[in-house]
Amino acid sequence: MACLFDHQKQLLPGMEAEKILTAAVQEAMRALYGAELKEEEILIQQTRREFAGDLTVVVFPFLRYSRKSPADTGEELGRYLTGHIGMLSRYEVIKGFLNLSFSMEYWSELLNRLIRSGHHGLGDLDPLNGKVVVEYSSPNTNKPLHLGHIRNNLLGFSISRILEALGSEVVKVNLVNDRGIHICKSMLAWKKSGKGETPASSGKKGDHLVGDYYVLFEQEYRKQVEELKKQGMAEEEARRRAPLIVEAQDMLRRWEEGNEEVRELWAMMNEWVYEGFDETYRALGVDFDRIYYESETYRLGKSLVLEGLEKGILHRRADGSVWADLSEDGLDEKLLLRSDGTSVYMTQDLGTAQQRYEDYRFDRHIYVVGNEQNYHFQVLKLILKKLGYDWADSLYHLSYGMVELPEGKMKSREGTVVDADDLIAGMVDTAREMSKELGKLEGFDPAEIEEILRMIGLGALKYFILKVDPKKNMTFNPRESVDFNGNTGPFIQYTYARIQSVVRKAGETGRTVAAELPGGYVPCEKERDLIRILAGFAATVHEAGREYNPAVLANYLYELSREYNQFYHDHSILGAPDEDTIHYRLLLSVYTGRVIARGMYLLGIDVPPRM
RNA sequence: GGACCCGUAGCUUAAUUGGAUAGAGCACCUGACUACGGAUCAGGAGGUUGGGGGUUCGAGUCCCUCCGGGUUCACCA
């Protein structure tokens, strides 16, 4: 089975140095101590910021060969390496760590190559061939999208772009849960008390309208349950026998029978919801290559289960229900068909996966789904494997943590659910206030200003969510999310806008940005620091893809922006003493801008020309 | 109860997958070129990485244990 990411060292720009160094260390160990080392025994890492150097060789593992102190071993190794590798300019041994520095010329040449290549180093990677299906969003159609969906959408969209940048063919799919009891609840409530209200008649967004009736259903239903309990009925029975739920279930039954009236109502209300969702997706800037509907897939899986039954992989109980026994794998038994022969959720997902494979013959299938379904996906994979589908191994559950509020979890009952549309609008409003205060966009075209404010508001929101490790639960603090200073999206956007401003200024003084760095210029330390980070872009994207973790890239872009702002503060670009320096710094700045733009694109965040 | 996940400064978080003195941002305090954009930059203060034990030259990271929090184990989806 195709494995998209092997864990061998890949040739990365700026990291080819690591490869050369590894070989050189092997040679040095042979020459100095007669030791034959395997590649895995040599640990090379980037030198920590507080020390001088670019790459660090950890010498502790070598002591058993050298039989000398860490200091002496490092010293001997350092002397040998700098003597044999031209691009090394110096070394320093600190407590068992050998820090090596590359010459400024090396860095400058590397930057030149990156600029010439036009792909920011991404083209130097082994391309990640293969087809990847990414399923994300997957909303129910009875309620508008909320904060949790936003995290899901941003993750799915960003990881799609990252994998694409690494060379994969990506298919973004959305599986819309458009049928079931929850939709019937909205339908029933609308039928009973909607008085024909439509999005057009009320001016409400379709998904919100349908959501309101869902809430109404739940309220009325709860009243009925309370009433029955007061009459002495047990809670569980009351919940099952309340007239409203009975009616909703009857509606579901008629839906499944294909009752025309029910189907028509269903189609109409779902259509309202889709129009609403589309608007939210558009505002968020995410899209899909294909949309699946559960109403078209929910019957899948049954034949697959029956097949498994025939082969003796699954078993039938006396009551007729069908089960998978997973006790060998440390799990329980899992129901796949009810005693009346109908499917459950798992059955459906088994079938959907199989159909996906037939549709796309993917090399990998990523499900962006919350971590409350970890168990579900573990079982899904296991059963598919038992059924003999070897592609089961290429299913990957990109499991992300819950989004909580400072007060705790979002609860629809308590009305603390953060609505996606409200949130987006709020962020743009904050950007507007902020911009007005700073007065930077005065005098520009109103439409352009609005576009920029949208970029900033959304940039803040998206970055705030994407910068944290997907696996972790995160706290969404509305107050902090609208902060535009520090480790935020607008900080990175600002850095980009600032660079564009310098370029414009350069144009005003009659300068154009050169295609190549001026030959003889030797960068200073701050410039070298910046180049070093720029050189790490491709490796960072690769890591983000390998780990399915856009946060890696987000934090890289912050780091890069911080470094650039320091450089900017310390050194004048257009006021530099000579033309070579001006052109060097100008092109360095422009290239930084390109990397920021490219990286932000991979996160699904736009960058403004000014802000 | 079984399985899985999480716990890092007041708050939000990072740590190159076992490496150096645990790094940032917010908030708080102090400063910055008569400005190529101050939505910036520099400095200060803030940590027993939930507690305890173990493995290792070396542990936030691996193992055990305890404490605290979460998710899940439905003839629901």
Side-chain angles (χ1 to χ4, degrees), chain A residues 43-51 56 58 60-61 63-64 70 94-97 99 140 177 179-182 294 298 317 319-323 330-332 334-340 342-346 348-349 370-376 378-379 399 401-402 404 406 409 431 434-435 437-438 440 456 464 467-469 471-477 479-481 483-488 490-491 493-495 497-506 508-509 536 539-540 543 547 551-552 555 558-559 561-562 565-566 568-576 582 585-586 589 610-611:
Chain A
L43 185 62
I44 293 171
Q45 54 194 236
Q46 285 170 41
T47 305
R48 297 187 72 118
R49 291 193 68 85
E50 59 265 38
F51 301 102
T56 294
V58 184
F60 291 108
L63 304 184
R64 45 190 280 248
I94 300 173
K95 301 204 312 194
F97 296 89
N99 298 331
N140 290 353
N177 186 4
R179 53 131 247 143
I181 190 69
H182 45 286
E294 277 200 17
Y298 79 107
R317 284 190 187 169
D319 63 3
S321 58
V322 178
W323 298 74
L331 302 172
D332 300 327
K334 182 75 193 174
L335 176 85
L336 295 176
L337 290 178
R338 299 188 185 101
S339 47
D340 63 4
T342 55
S343 298
V344 294
Y345 178 52
M346 180 62 74
Q348 202 183 119
D349 262 13
N371 63 10
E372 69 271 13
Q373 297 205 38
N374 284 355
Y375 180 77
H376 175 78
Q378 198 185 345
V379 171
S399 158
M402 295 188 305
E404 292 174 11
K409 291 161 72 171
M434 197 74 128
S435 175
E437 214 172 285
L438 295 169
K440 292 197 180 181
I456 298 170
F464 188 83
K467 76 173 172 181
V468 340
D469 187 333
K471 289 195 299 285
K472 294 192 175 178
N473 288 354
M474 65 170 291
T475 310
F476 185 87
N477 187 328
R479 222 184 32 252
E480 285 175 19
S481 70
D483 201 331
F484 291 177
N485 302 314
N487 188 357
T488 66
F491 172 88
Q493 291 172 317
Y494 172 79
T495 308
R498 190 181 222 187
I499 290 170
Q500 305 319 305
S501 170
V502 175
V503 173
R504 280 194 296 272
K505 200 68 142 213
E508 286 167 20
T509 61
T540 304
E543 190 191 338
E547 309 281 336
V552 171
N555 288 307
Y558 170 65
E559 181 78 9
S561 300
R562 221 158 52 96
N565 282 322
Q566 286 169 17
Y568 181 91
H569 182 265
D570 293 351
H571 299 97
S572 180
I573 298 165
L574 300 176
I582 291 175
R585 289 180 180 165
L586 194 54
S589 298
R610 54 172 63 87
M611 63 189 273

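Each chain gets a letter, A, B and so on, in the order the sequences are listed, and its residues count up from 1.
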Checklist line | Integer-rounded Å distance: B:rA39 P and A:M611 CE | finding: 9 Å
Notebook entry, point to check: How is A:N140 classified with respect to the nucleic acid when contacts are heavy atoms under 4.0 Å: base, sugar-phosphate, or nothing?
Noted result: nothing
Note to self: If the cut-off is 4.0 Å, is A:K95 near the phosphate of B:rU21, judged by side-chain N/O to OP1 or OP2?
What the structure shows: yes
Margin query: Starting the side chain at C-beta, find the nucleotide from B:rC73, B:rU12, B:rG37 nearest to A:D332.
Written below: B:rC73
Check: Taking the six-membered ring for Trp, does A:F97 stack with B:rA20 (centroid gap under 5.5 Å, planes within less than 30°)?
Finding: yes
Checklist line | B:rU65 versus B:rA27 - spacing of their P atoms, nearest Å | finding: 43 Å
Notebook entry, point to check: Within the pair A:Q566 and B:rA42, is there a side-chain N or O less than 4.0 Å away from OP1 or OP2?
Noted result: yes
Check: Under 4.0 angstrom, heavy atoms only, what part of the nucleic acid is A:R49 near: base, sugar-phosphate, or nothing?
Finding: nothing
Checklist line | Closest nucleotide among B:rG19, B:rA20, B:rA77 to the A:F60 side chain | finding: B:rG19
Item checked: Check: A:R585 main-chain N/O paired with A:S589 side-chain donor or acceptor under 3.5 Å -> yes
Note to self: Categorize A:A497 for me: base, sugar-phosphate, or nothing, with a 4.0 angstrom heavy-atom threshold over every strand shown.
What the structure shows: base
Check: Quick check: does any side chain N or O of A:R179 sit under 3.5 Å from a backbone N or O of A:E294, one acting as donor and the other as acceptor?
Finding: no
Margin query: We want to know whether A:N374 and A:S399 form a side-chain donor-acceptor pair, criterion being a heavy-atom distance below 3.5 angstrom.
Written below: yes
Margin query: Any side-chain N or O of A:N487 below 4.0 angstrom from OP1/OP2 of B:rA14?
Written below: no
Item checked: Nucleotide nearest A:N565 when distance is taken to its side chain, options B:rC41, B:rG37, B:rG19 -> B:rC41
Checklist line | Geometric class of the A:H376/A:Y345 ring pair [parallel <30°, tilted 30-60°, perpendicular >60°] | finding: parallel
Next item on the list: For B:rU17, measure the glycosidic angle (O4'-C1'-N9-C4 for a purine, O4'-C1'-N1-C2 for a pyrimidine) and name it syn if it falls within 90° of 0, otherwise anti.
Entry: syn
Item checked: Side-chain donor or acceptor of A:K334 paired with backbone N/O of A:V379 under 3.5 Å -> no
Note to self: Nearest to the side chain of A:H569, heavy atoms from C-beta on, is which of B:rG37, B:rA32, B:rG70?
What the structure shows: B:rA32
Check: Is there a donor-acceptor pair under 3.5 Å between the side chain of A:T540 and the backbone N or O of A:G536?
Finding: yes
Next item on the list: Return no unless some side-chain N or O of A:R338 is found under 4.0 Å from OP1 or OP2 of B:rA77.
Entry: yes
Checklist line | B:rA3 and B:rA42, which share atom name P, separated by this distance in whole Å | finding: 49 Å
Notebook entry, point to check: On a whole-Å scale, what distance lies between the C1' atoms belonging to B:rA39 and B:rU56?
Noted result: 47 Å
Check: So, the side chain of A:R338 versus the backbone of A:S321: is there a donor-acceptor pair under 3.5 Å, distance only?
Finding: no
Note to self: By the 4.0 Å heavy-atom rule, please label A:S572 as base, sugar-phosphate, or nothing.
What the structure shows: base
Check: Taking OP1 and OP2 of B:rU12, is either one under 4.0 Å from a side-chain nitrogen or oxygen of A:T475?
Finding: yes
Notebook entry, point to check: Given the rule in the side-chain hydrogen bond (donor to acceptor under 3.5 Å, both in side chains) test, do A:T475 and A:N477 qualify, once you have shown the distances and angles that lead to the verdict?
Noted result: CA-CA 6 Å; A:T475 310; A:N477 187 328; over 6 Å; no
Note to self: What is the distance, to the nearest angstrom, from the CG atom on A:N374 to the C1' atom on B:rC6?
What the structure shows: 12 Å
Checklist line | Over 12 non-hydrogen atoms of neighbours within 6.0 angstrom of CD in A:E50 | finding: yes
Note to self: For a quick check, tell me whether the side chain of A:N99 and the base of B:rA20 share a donor-acceptor pair closer than 3.5 Å.
What the structure shows: yes
Check: Would you say the side chain of A:K505 and the base of B:rG37 hold a donor-acceptor pair, judged only by whether the two atoms sit under 3.5 Å apart?
Finding: no
Notebook entry, point to check: Can you name the nearest heavy-atom pair linking A:F51 to A:I94, along with the distance?
Noted result: CD2-CD1, 3.6 Å
Check: For A:D570 and B:rU40, what is the distance between atoms CG and P respectively, to the nearest whole Å?
Finding: 16 Å
Next item on the list: Could you work out which one of B:rU13, B:rU40, B:rC36 sits closest to the side chain of A:L574?
Entry: B:rC36
Notebook entry, point to check: Do A:T488 and B:rA39 share a donor-acceptor pair, side chain to base, under 3.5 Å?
Noted result: no
Next item on the list: Starting at atom CH2 of A:W323, determine the distance to atom C1' of B:rA74, rounded to an integer number of angstrom.
Entry: 9 Å
Next item on the list: Check whether any side-chain N or O of A:R64 sits under 4.0 Å from OP1 or OP2 of B:rC57, and answer yes or no.
Entry: no
Checklist line | P spacing across the pair B:rG25 / B:rG43, given as an integer number of angstrom | finding: 10 Å
List, with names and distances, any nitrogen or oxygen atoms from the protein found under 3.5 Å away from nitrogen or oxygen atoms belonging to nucleotides 59-63 of chain B.
none

Check: Can a side chain N or O of A:R479 be found less than 4.0 Å away from OP1 or OP2 on B:rA27?
Finding: no
Item checked: Backbone N/O of A:M402 and side chain of A:N473: donor-acceptor pair under 3.5 Å -> yes
Note to self: Using the six-membered base ring of B:rA20, report whether A:F51 stacks on it, requiring centroids under 5.5 Å and planes under 30° apart.
What the structure shows: yes
Checklist line | B:rU13 versus B:rU55 - spacing of their P atoms, nearest Å | finding: 35 Å
Notebook entry, point to check: Starting at NZ of A:K472 and ending at C1' of B:rU13, how long is that distance when rounded to a whole Å?
Noted result: 7 Å
Notebook entry, point to check: Stems in RNA chain B: runs of 3 or more consecutive Watson-Crick or G-U pairs, distances under 3.5 Å?
Noted result: B:1-7 with B:67-73, B:10-13 with B:23-26, B:28-32 with B:40-44, B:50-54 with B:62-66
